[in-house]
Amino acid sequence: MKWSQTLIPTLKESPSEAEIDSHKLMIRAGLIRRITAGAYAYLPIGILVLNKVINIVREEMNRAGAIEVFLPALQPLDLLEESGRLNIFGDDLITFEDRHGKKVALGPTHEEIITDIVRNEINSYRQLPITLYQIQTKFRDETRPRFGVLRSKEFIMKDAYSFDVDYEGLNKSYQYMYDAYCKIFDRCGLDYIVVEADSGAMGGDVSHEFMVPSPVGEDILIRCLKCGYSANRERAESAPLLSDNHATPHNLEEVSTPDKRTIQEVSNFLKISPSQMIKTMLYISNGQPIAILLRGDHEVNETKLTKALGQEAVALADHKTIERITGAPVGFAGPVGLKVKIIADQAVSVLKNFATGANKPDTHLMNVNLERDFKIDQVAHLRYVIKGDKCPRCNHELDVSQGIEIGHVFKLGTKYSDALKARFLDAGGREKSMIMGCYGIGVNRIIASLIERSHDENGIVWPLSITPYHVIIIPVNVNDNQSMHMANSLYSALSSNTGTDVLLDDRDQRPGVKFKDADLIGIPIKIIIGKKFTETKEIEIKIRKTGETFLAKQEDVKSKIEGLLEILKKTR
RNA sequence: CGGGGCGUAGCGCAGUUUGGCUAGCGCGCCUGCCUUGGGAGCAGGAGGUCGGAGGUUCAAAUCCUCUCGCCCCGACCA
């Protein structure tokens with residue numbers, strides 16, 4: 001491609017809409033333009049990159065035995081109702097009525113559609129197992145789209161769904177997908193880590209997330225750098241805290257804490273550490289209020305709470321309920337004298353002489369102790385792991401960091417096949433629910449997270465596998481006939497190699513502009529036809545990532561480039 | 001959805017507090033000259049319903065009301 005014939009609108013200045021490096025660079029390098037909040041147009045080199053990523057995904061999916069389908073973006077609402085996910089998606093779902101008044105949604109994901117197809121077309125164990133996948137745009141009305149294509153209202157996802165006759169089969173299908181994911185992300189040149197995840201609202205039990213470590217990531221990763229344990233925040237566990245003081249219980253004491261409601265306010269006021277306080281949170285579970293006790297500096301993990309209660313969902317009690325149950329406004333609840341079921345986090349069970357609300361307005365209690373002052377009905381792990389917690393496996397200190405989720409694999413089991421009646425007859429003629437798995441990849445996110453990890457002050461640094469062009473030829477002076485002739489002949493020679501994408505910067509621009517632009521858009525190899533060429537007929541070759549330069553005679557350029565491409569292919 | 005901020009040329013911004021001449025600057029763009037190894041220089045030029053609607057006023061980018069859009073923090077998040 002000749003630069004003058006395509007559209008690569010580079011910008012010298014960062015657009016004000018962008019906050020993070022990848023977003024700025026995608027705009028500055030002319031990959032994308034925002035059309036409206038959370039929706040982006042991909043410009044020529046943007047779609048080149050996107051297509052390369054998609055091709056890698058497709059190749060590895062096919063290699064893993066998955067079968068591609070193409071599904072509608074328009075979905076009838078009744079299917080989502082049938083699976084019970086209409087409420088779960090809630091306002092994230094983009095819905096409208098067609099001219100006949102029929103309610104339609106733009107698909108936020110496609111479990112229901114796939115399951116619907118499979119239940120209609122597959123009835124026998126002889127047709128199983130099968131894994132179907134699609135690469136398509138999905139729509140979610142995100143409350144706050146941000147970070148460019150990292151969180152947008154429409155985005156491209158690869159979604160695969162596996163259907164097996166039994167759990168053994170599911171394990172196999174899952175492993176195929178897991179392995180394929182590793183290959184895909186490896187090929188895209190990404191540094192990623194795999195963490196155990198909670199399967200959350202998708203249902204099912206085993207799940208892994210593929211994460212690119214990044215401070216701009218919206219997910220929190222808990223990792224043990226010693227033994228390799230890694231999990232996301234919802235899933236992560238920590239070693240139980242030990243009772244470290246054998247302090248004798250002091251006398252219970254009531255203190256006045258006028259208008260001090262939060263842990264922060266009370267701990268400042270009483271001059272004690274938040275970790276010497278207990279916070280009491282009232283939840284509604286199964287229609288009944290229950291009290292959850294947490295250490296003051298800990299936060300409730302509702303995923304774990306939900307599981308501990310064996311419920312589908314729990315919700316915080318409203319203020320009125322709290323007043324009714326505790327006899328005090330929000331901010332003064334405590335376990336002493338409370339007449340509801342009490343579940344304590346493990347960290348609470350080892351505390352002595354702590355402070356907590358007195359269930360009386362403007363009053364807290366000091367030197368509260370378990371057993372003596374109140375009893376708990378259940379101890380469970382209910383909180384998020386924080387810095388300082390120890391690894392549940394090897395007791396080494398856990399690392400807390402951030403990451404961008406680029407892929408997620410789930411063992412769903414029969415959640416959707418039960419709900420949507422996707423059944424088959426086994427060899428013995430018995431009807432059974434299909435065992436499902438589902439596997440997603442955020443295609444746009446691959447690009448953004450790659451840039452997030454692979455750029456420098458001059459711009460993007462593409463890996464060979466997904467770069468829009470492998471080589472950029474820069475004739476320094478396009479008005480010099482010999483230079484242009486050389487540029488054109490190199491362009492033809494290199495382009496004739498299948499699989500080598502060449503960009504020729506034929507613009508009549510000053511060299512500085514061309515070098516800056518080539519760096520900005522991140523092309524791995526530059527071929528420069530300039531001073532050296534006019535003087536000695538030598539051609540300069542420069543590597544974007546390392547800045548290494550080579551001089552080659554004109555007849556050697558092609559083989560030199562081929563050699564460099566081979567080397568770059570192998571290095572990440 | 002709560003809090004904060006911003007909308008002025010393709011991009012980045014000043015001007016708004018305290019209303020007042022023809023609305024400015026940098027980049028980019030067009031023409032010419034010059035220049036050709038890391039975002040050159042000189043000269044000339046095009047480009048604006050100041051987000052929109054209504055109001056106050058002799059006079060509104062500037063003040064008031066409403067509205068739309070966008071960004072940030074938080075909440076939310078298969």
Inset, instruction - Could you state the atom-to-atom distance from CD of Gln509(A) to P of A40(B) in whole Å? - result: 9 Å
Inset, instruction - Determine: side-chain N/O of Arg510(A) to OP1/OP2 of G39(B), distance under 4.0 Å, yes or no. - result: no
Legend entry - Expected output: side-chain Asp456(A) to main-chain Gly459(A) donor-acceptor under 3.5 Å: yes
Inset, instruction - Examine C76(B): is either OP1 or OP2 under 4.0 Å from a nitrogen or oxygen in the side chain of Arg144(A)? Give yes or no. - result: no
Inset, instruction - Measure from NZ or CZ of Lys537(A) to the centre of the six-membered ring of Phe533(A), then state whether that distance is under 6.0 Å and the direction lies within 45° of the axis. - result: yes
Legend entry - Side-chain N or O of Ser16(A) closer than 4.0 Å to phosphate OP1/OP2 of C13(B): yes
Legend entry - Interatomic distance, Glu299(A) CD vs A75(B) C1' [rounded to whole Å]: 12 Å
Inset, instruction - Under 4.0 Å between any heavy atoms, over every strand shown, what does Arg28(A) touch: base, sugar-phosphate, or nothing? Just pick one. - result: base
Legend entry - Euclidean distance, atom CG of residue Asn479(A) to atom P of C34(B) [Å, nearest integer]: 12 Å
Inset, instruction - Would you kindly give the CG-to-P distance between Asp508(A) and G37(B), to the nearest whole Å? - result: 13 Å
Legend entry - C66(B) and C27(B), which share atom name C1', separated by this distance in whole Å: 36 Å
Legend entry - Sub-4.5 Å side-chain heavy-atom contact between Val149(A) and Phe155(A): no
Legend entry - Whole-angstrom distance between U49(B) and G45(B), as gauged at atom C1': 23 Å
Legend entry - Phosphate OP1/OP2 of C11(B): any Lys12(A) side-chain N/O under 4.0 Å: no
Inset, instruction - Sticking with atom P, work out how far A46(B) lies from C30(B), rounded to a whole angstrom. - result: 15 Å
Inset, instruction - Determine which nucleotide pairs with C66(B), using a 3.5 Å limit on both distances of a Watson-Crick or G-U wobble pair. - result: G52(B)
Legend entry - C1'-based separation of U8(B) from G26(B) [nearest Å]: 15 Å
Inset, instruction - In whole angstrom, give me the gap between the C1' atoms of C72(B) and A78(B). - result: 26 Å
Legend entry - Separation between the C1' atoms of C76(B) and A23(B), rounded to whole Å: 43 Å
Legend entry - Interatomic distance at C1', C71(B) relative to G24(B), whole Å: 25 Å
